[in-house]
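Note: hydrogens, waters and symmetry copies are ignored here, and every other heavy atom, side chains too, is used. Just so it is clear: chains get the letters A, B, ... in the order the sequence lines come, proteins before strands, and each one is counted from 1.
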2 protein chains.
Amino acid sequence: MRIAEPTVERLVQYIRYLERCREAGKRVISSQEIGDGLGIKASQVRKDLSYFGEIGKRGVGYNVEKLYGHLNTIFAPPKTWKIAMIGIGNLGEALLGYKAFESDKFRIVALFDIDPAKIGRKIHGIPCYDVEDMPQVLNDEGVEVLIITTPSSAAQDVVDKATESVPIKGILNFAPTTLVVPEHIILYNVDIFVELEKLLFYIKLKEMGGNIWG
Amino acid sequence: MRIAEPTVERLVQYIRYLERCREAGKRVISSQEIGDGLGIKASQVRKDLSYFGEIGKRGVGYNVEKLYGHLNTIFAPPKTWKIAMIGIGNLGEALLGYKAFESDKFRIVALFDIDPAKIGRKIHGIPCYDVEDMPQVLNDEGVEVLIITTPSSAAQDVVDKATESVPIKGILNFAPTTLVVPEHIILYNVDIFVELEKLLFYIKLKEMGGNIWG
DNA sequence: GCGTGTGAAAAGATTCACAGCC
DNA sequence: GGCTGTGAATCTTTTCACACGC
């Protein structure tokens, strides 16, 4: 089955929202309530959920526990993914200590940097290696997913180096640059710079009454 | 004029790419080259750029300097935006030291936290205030944009508190939760959790040969 | 010949509206 | 009566294909 990317994005939000409902002791929820809580139209919620069969009850709503479990099954990994993080600066370290990065879906098994002060040490309990040794370590550890937190200038290089010798499946890129990767690798970007620029652009556009040229 | 959101996202990337071409001494560039460098179709590049009038030369391409200047004008703010950051934990501090956050488009004028060890001090040269004093300080400083880097549990509360008493125009949210804000406020999310989940989901889907149920 | 600019076609995503079940 | 599930309609975004200027 094909599931559109915007749908997947919302499904993740539904899981997160249901988690909260569950903890709050809610047993049943309607598409309207979910939508209101996430700023999404009720009809959109229903369509998204309908892709996985009839999971709600007409006239009643969705059983919170059942829906939560259902969605979690969909997102359950076939195994614990092994991830490596490349570039352990401020941002990388902040992410390692970040609770949104704690999950039983994956384990960060290796860090890489060029700073001799970091190489050979453990950071947040994870060993940090020299970027030079990357292909070797990635292969030994069976890493399939990369998190890129290097400066922009280094990002494309390390990705090229890693992907040419290791069967990497996906990359999450935090470097504020656009990476070009082989077709078979799935790439997602968390681009702080772009998001901020978009925000400021639309604020400007609104102030200008829709006229870009001021 | 109306410019679609995906277009704005690409325009920001074009600026960044042209900056690099410019530094590399490139004078003229084609839509094909831009597209290849960013993983975008040439026809898409041309359509995006055509919204702003005929800026290229047929049979030749685009003048790098001219196109760069043109796009920069479009994104130039009417004034330097004043931004406040709320929640100065690992992620917030990392962002403050991050070079993608250095721009002449805005200035971060105030930080907020609940930690007494941080309140009253300067962090990266910016004064940190008590969250309790937020409405007051935001008004005094004329802040129009918020960056939310609090834990998820606090994010909606601080946003509600800030937006009810101050004319906030936009919010960039890093908390891994979905915020609901008044209609007139522009909200962008940088949701690490969602991006990672999407990536892992699509890797799984590929491994399963497109069959979610494994 | 080469590469832009652009209307028209295709593809993709959201919203509507209502039948069907509780 | 209330709320889901879903085909059909609408709206949005991308891609095509070719006329036009260098």
Side-chain angles (χ1 to χ4, degrees), chain A residues 1-14 17-18 21 26-68 70-71 74 178 194 198 201-202 205 210, chain B residues 1-14 17-18 21 26-68 70-71 74 178 183 194 198 202 205 210:
Chain A
M1 194 196 337
R2 205 189 147 280
I3 302 170
E5 139 105 45
T7 298
V8 176
E9 176 140 359
R10 286 187 299 266
L11 290 174
V12 176
Q13 295 186 70
Y14 300 153
Y17 188 70
L18 289 167
C21 294
K26 202 162 172 54
R27 312 299 289 263
V28 172
I29 196 164
S30 71
S31 59
Q32 184 72 54
E33 286 176 284
I34 297 175
D36 289 350
L38 296 172
I40 293 168
K41 284 233 158 81
S43 58
Q44 181 75 81
V45 175
R46 291 202 301 279
K47 193 161 227 68
D48 288 340
L49 297 179
S50 74
Y51 292 135
F52 309 104
E54 301 207 6
I55 192 74
K57 272 204 174 51
R58 294 171 189 221
V60 180
Y62 300 90
N63 177 304
V64 171
E65 198 63 41
K66 193 172 148 199
L67 181 54
Y68 178 74
H70 202 73
L71 292 176
I74 292 162
T178 307
V194 170
K198 282 195 292 185
F201 174 79
Y202 277 112
L205 199 60
Chain B
M1 194 196 339
R2 203 188 147 281
I3 302 169
E5 139 105 48
T7 298
V8 175
E9 173 139 1
R10 286 187 299 267
L11 290 173
V12 176
Q13 294 186 69
Y14 300 154
Y17 188 70
L18 288 167
C21 294
K26 201 161 173 56
R27 311 299 288 263
V28 171
I29 196 164
S30 70
S31 59
Q32 184 71 56
E33 286 176 285
I34 297 174
D36 289 349
L38 296 172
I40 293 170
K41 285 235 160 80
S43 58
Q44 181 74 80
V45 175
R46 292 203 301 281
K47 177 124 316 340
D48 288 340
L49 297 178
S50 75
Y51 294 134
F52 309 103
E54 300 206 7
I55 192 73
K57 272 202 175 52
R58 295 173 189 222
V60 181
Y62 301 90
N63 177 304
V64 171
E65 199 63 42
K66 193 173 148 199
L67 180 55
Y68 178 73
H70 200 73
L71 292 176
I74 292 162
T178 308
E183 186 100 46
V194 170
K198 282 196 291 184
Y202 277 112
L205 199 59

*asked:* So, using salt bridge (charged side-chain N to carboxylate O under 4.0 Å, His left out) as the criterion, who are the partners of B:Lys66 when residues are at least two apart?
replied: none

*salt bridge (Lys or Arg N to Asp or Glu O under 4.0 Å) pairs, two or more places apart, involving residues 49-63 of chain A*: A:Glu54-A:Arg58

Rounding to an integer number of Å, can you tell me how far [X] [atom1] sits from [N] [atom2]?
X	N	atom1	atom2	value
A:Gln44	D:dT12	CD	C1'	13 Å
B:Glu9	D:dT12	CD	P	18 Å
A:Ile55	D:dT4	CD1	P	13 Å
B:Tyr51	D:dT12	OH	P	12 Å
B:Ile3	D:dT12	CD1	P	15 Å

Can you give the donor-acceptor pairs under 3.5 Å from side chains of residues 34-46 of chain A to other protein atoms, not counting sequence neighbours?
| from | atom 1 | to | atom 2 | distance (Å) |
| --- | --- | --- | --- | --- |
| A:Asp36 | OD1 | A:Gln32 | NE2 | 3.2 |
| A:Gln44 | NE2 | A:Asp48 | OD1 | 3.4 |
| A:Arg46 | NH1 | A:Ser31 | OG | 3.3 |

_side chain to side chain donor-acceptor pair (under 3.5 Å) involving A:Lys198 - partner list, sequence neighbours excluded_ = A:Glu195, B:Glu5, B:Glu9

Can you tell if the side chain of [X] reaches within under 4.5 Å of the side chain of [Y], non-hydrogen atoms only?
X	Y	answer
B:Tyr62	B:Val28	no
A:Ile29	A:Tyr17	yes
B:Leu49	B:Leu71	yes
B:Phe52	B:Leu67	no

*asked:* Quick check on contacts: within residues 29-36 of chain B, what sits under 4.0 Å from DNA chain D by heavy-atom distance?
replied: none

*With side-chain contact (heavy atoms from CB on, under 4.5 Å) as the test, would you mind laying out the steps for B:Thr178 and A:Gln13 before giving the verdict?*
CA-CA 7 Å; B:Thr178 308; A:Gln13 295 186 70; 2.6 Å; yes

*If we fit an axis to the first five pairs and another to the last five of the helix from C:dG1-D:dC22 to C:dC22-D:dG1, what angle do they make, to the nearest 10°?*
0°

_Going 5' to 3' along DNA chain C, between which two nucleotides do contacts with chain A fall, using a heavy-atom cut-off of 4.0 Å?_
C:dA13 to C:dC22

*Sugar-phosphate means primed atoms, P, OP1 and OP2; the rest is base. With that split, encode nucleotides 16-22 of chain D 5' to 3' as B, S or - using protein heavy atoms under 4.0 Å.*
BB-BBBS

*Set of side chain to side chain contact (heavy atoms under 4.5 Å, CB included) partners for B:Leu205, sequence neighbours left out*: B:Phe201, B:Tyr202, B:Ile212

*asked:* Judged by each residue's nearest nucleotide on DNA chain C, which is more toward the 5′ side, B:Glu54 or A:Pro6?
replied: B:Glu54

*From B:Ile3 CD1 over to B:Tyr51 OH, what is the distance, rounded to the nearest 0.5 angstrom?*
9.0 Å

*Walk me through it: do B:His70 and B:Ile55 pass the test side-chain contact (heavy atoms from CB on, under 4.5 Å)?*
CA-CA 8 Å; B:His70 200 73; B:Ile55 192 73; 3.5 Å; yes

